[in-house]
Amino acid sequence: MFAKGEKWNISFAGCGFSSVYYLGALTCILERVPHLVHGASKICGASSGCLVAAALTVGLPMEHMWSDLLAVAKEARKHRLSVFHPTFSLLRTVRDSLRKKLPEDAHRLASGRLCVSLTRLIDGSNILVSHFDTREELIQVLICSCFFPVYCGFIPPSYRGQLYIDGALSNNMPLLDHPNTITVAPFSSESDISPKDGAWTSISVHCNNLCLHVTAGNVRRIFTSFLPPAPEELAEIFQSGYTDALHFLRQENLLEQFSPEEQEDNLNVAKAPFWGQHWWLEHEQAQTLPLNYKRVLCRDAGDVTGLCPLDAFYYMLTPLVLVAELIWFVLNSLFTEKKQSRLDYDSSKT
């Protein structure tokens with residue numbers, strides 16, 4: 001429960017390409033309750049989540065991250081092996097983008113407010129970095145937090161003489177144990193802002209400070225984290241983040257500073273029409289994108305068509321998860337019924 005009047009933090013879990021969810025959530029928050037972001041004591045992140053956190057602390061517009069995500073997804077989907085193609089380097093692309101877009105004083109803007117989760121290679125321990133001496137050091141810390149072994153390469157990057165790998169592998173929700181930390185994740189989980197699948201099962205997996213629900217929807221989301229989806233699916237993930245953030249704001253009564261008319265105006269801006277139609281904008285979710293995001297989508301998505309060959313992996317895996325959910329649901333129901341019968345029997349004897 002978010003406590004007003006106290007200091008608060010915001011924490012973003014690592015999630016690869018699914019981080020477009022954060023752009024939707026932040027668009028909603030910055031439209032309606034911007035102080036929730038601007039007034040946060042620390043903005044934290046692991047892996048791709050730290051890139052979003054860094055953008056917020058140095059004042060980069062969310063549209064820039066949206067443009068970068070689209071460009072990387074477009075480039076990766078050109079190759080039959082997607083991000084695993086030998087000519088494609090996700091980490092190099094991220095580094096080049098940071099060097100191009102971070103302001104010269106980014107390290108000063110981020111120090112003391114940005115909190116980045118790293119995993120030290122030598123012992124697997126978690127390190128939280130909040131102070132940066134130079135702009136290049138800030139970039140190197142972000143790269144270290146994003147380095148997923150094999151997926152991003154075989155030689156880990158270093159920071160101050162130590163080798164580090166993806167921060168999500170040791171702590172995927174920095175400052176979770178601190179009071180009043182708003183947690184955000186694009187997976188169905190226990191996070192404050194996250195999708196809610198309404199699954200049959202109550203199976204959860206606790207992994208590095210992130211409690212994930214075992215659902216078919218999460219299989220798709222995890223898959224999307226590693227392999228770039230098509231533009232219309234990115235738009236759908238964005239809209240999911242926007243909707244889930246709005247639900248959180250309403251649940252915590254954080255919209256009271258807006259009049260109903262102002263809230264309606266903001267909603268109309270978010271759904272402003274865009275007349276330069278392209279095929280990916282014909283999808284319902286893409287139609288609800290804010291106007292500035294639609295423009296980026298039309299400018300940067302290009303002619304991305306067809307199915308990435310590795311998408312077949314997801315379609316094979318999803319039925320297995322559905323079967324597992326069904327088996328667990330049946331077994332759990334039988335166990336619960338048997339337990340209740342035993343309780344009724346014991347109660348009748350007494």
Side-chain angles (χ1 to χ4, degrees), residues 12-23 45-58 60-104 106-107 110 114 116-118 135-159 163-169 186 222-231 233-235 237-238 293 296-304 308-311:
F12 299 97
C15 58
F17 288 99
S18 293
S19 56
V20 68
Y21 179 91
Y22 299 145
L23 307 187
S47 195
S48 63
C50 77
L51 300 179
V52 176
L56 288 173
T57 56
V58 304
L60 285 182
M62 290 295 100
E63 302 97 285
H64 288 190
M65 292 203 67
W66 171 248
S67 177
D68 286 348
L69 269 169
L70 286 173
V72 174
K74 173 187 175 182
E75 183 62 29
R77 289 180 68 88
K78 287 179 180 178
H79 306 293
R80 292 189 62 81
L81 293 177
S82 188
V83 294
F84 298 106
H85 196 277
T87 63
F88 181 83
S89 174
L90 183 58
L91 214 60
R92 183 180 64 244
T93 302
V94 171
R95 189 192 301 271
D96 290 345
S97 177
L98 290 172
R99 285 176 174 166
K100 179 181 177 181
K101 295 190 175 180
L102 286 181
E104 290 301 320
H107 57 292
L114 173 63
V116 181
S117 173
L118 304 179
R135 177 176 178 268
E136 189 59 33
E137 184 176 88
L138 168 61
I139 292 173
Q140 194 63 16
V141 169
L142 297 174
I143 291 298
C144 286
S145 184
C146 292
F147 182 84
F148 197 93
V150 180
Y151 178 76
C152 290
F154 296 93
I155 303 176
S158 63
Y159 160 64
L163 298 178
Y164 290 92
I165 57 176
D166 199 312
L169 297 176
I222 293 172
F223 175 82
T224 300
S225 297
F226 289 96
L227 296 175
E233 187 173 350
L234 286 172
I237 298 170
F238 178 100
Y293 286 86
V296 174
L297 187 63
C298 288
R299 185 184 71 236
D300 294 347
D303 296 324
V304 182
C308 179
L310 291 176
D311 284 348

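- Residue pairs meeting the side chain to side chain donor-acceptor pair (under 3.5 Å) criterion with at least one partner in residues 138-152, sequence neighbours excluded, are Arg95-Gln140.
- Residue Leu234 holds its CG atom at 13.5 Å from NZ of Lys74, rounded to the nearest 0.5 Å.
- Between Ile139 and Arg99 the shortest heavy-atom distance is CD1-CG, 3.6 Å.
- When all heavy atoms of Ala106 and Val58 are compared, the closest pair comes out as O-CG1, 3.7 Å.
- Put simply, the side chain of Tyr22 gets close to the backbone of Ala13: a donor and an acceptor are under 3.5 Å apart.
- The structure places CZ of Phe84 at 10.0 Å from CG of Leu90, a figure rounded to the nearest 0.5 Å.
- Distance CH2/Trp66 to CZ/Phe238: 6.5 Å, rounded to 0.5 Å.
- Considering CG of Leu56 and CG of Leu51, their distance stands at 11.0 Å, rounded to 0.5 Å.
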Before giving the answer on side chain to side chain contact (heavy atoms under 4.5 Å, CB included), spell out for Tyr164 and Val141 the whole-Å C-alpha distance, their side-chain angles and the decisive distance to 0.1 Å.
CA-CA 9 Å; Tyr164 290 92; Val141 169; over 6 Å; no
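- Counting only distance, with no hydrogens or angles, the side chain of Thr57 and the backbone of Ala110 share no donor-acceptor pair below 3.5 Å.
- Across every non-hydrogen atom of Phe147 and Leu91, the tightest pair is CD1-CD2, 3.5 Å.
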Audit row: Ser18, Thr224, side-chain hydrogen bond (donor to acceptor under 3.5 Å, both in side chains) steps and yes/no
CA-CA 6 Å; Ser18 293; Thr224 300; 5.0 Å; no
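- Shortest non-hydrogen contact noted between Phe12 and Ala53 is CD1-CB, 4.3 Å.
- The side-chain heavy atoms of Pro149 and Pro156, taken from C-beta on, include no pair separated by under 4.5 Å.
- A pairwise comparison of heavy atoms in Asp166 and Ser47 identifies OD2-OG, 2.9 Å as the closest pair.
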Can Ile237 and Phe17 be said to form a side chain to side chain contact (heavy atoms under 4.5 Å, CB included), step by step?
CA-CA 10 Å; Ile237 298 170; Phe17 288 99; over 6 Å; no
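- Looking at heavy atoms from C-beta onward, Leu69 lies in side-chain contact with Leu23 at the 4.5 angstrom threshold.
- At distances below 3.5 Å, at least one donor-acceptor pair connects side-chain atoms of Thr93 with backbone N or O atoms of Ser89.
- Between Glu137 atom CD and Leu142 atom CG the span is 10.5 Å, to the nearest 0.5 Å.
- No side-chain donor-acceptor contact under 3.5 Å links Ser117 to the backbone of Ala46.
- Considering CD of Glu136 and NE2 of His107, their distance stands at 11.5 Å, rounded to 0.5 Å.
- Nearest heavy-atom pair, Arg135 versus Leu98, reported as atom, atom and distance to 0.1 Å: NH2-O, 3.5 Å.
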Side chain to side chain contact (heavy atoms under 4.5 Å, CB included) for Leu60 and Leu102? Distances and angles first, verdict last.
CA-CA 8 Å; Leu60 285 182; Leu102 286 181; 4.0 Å; yes
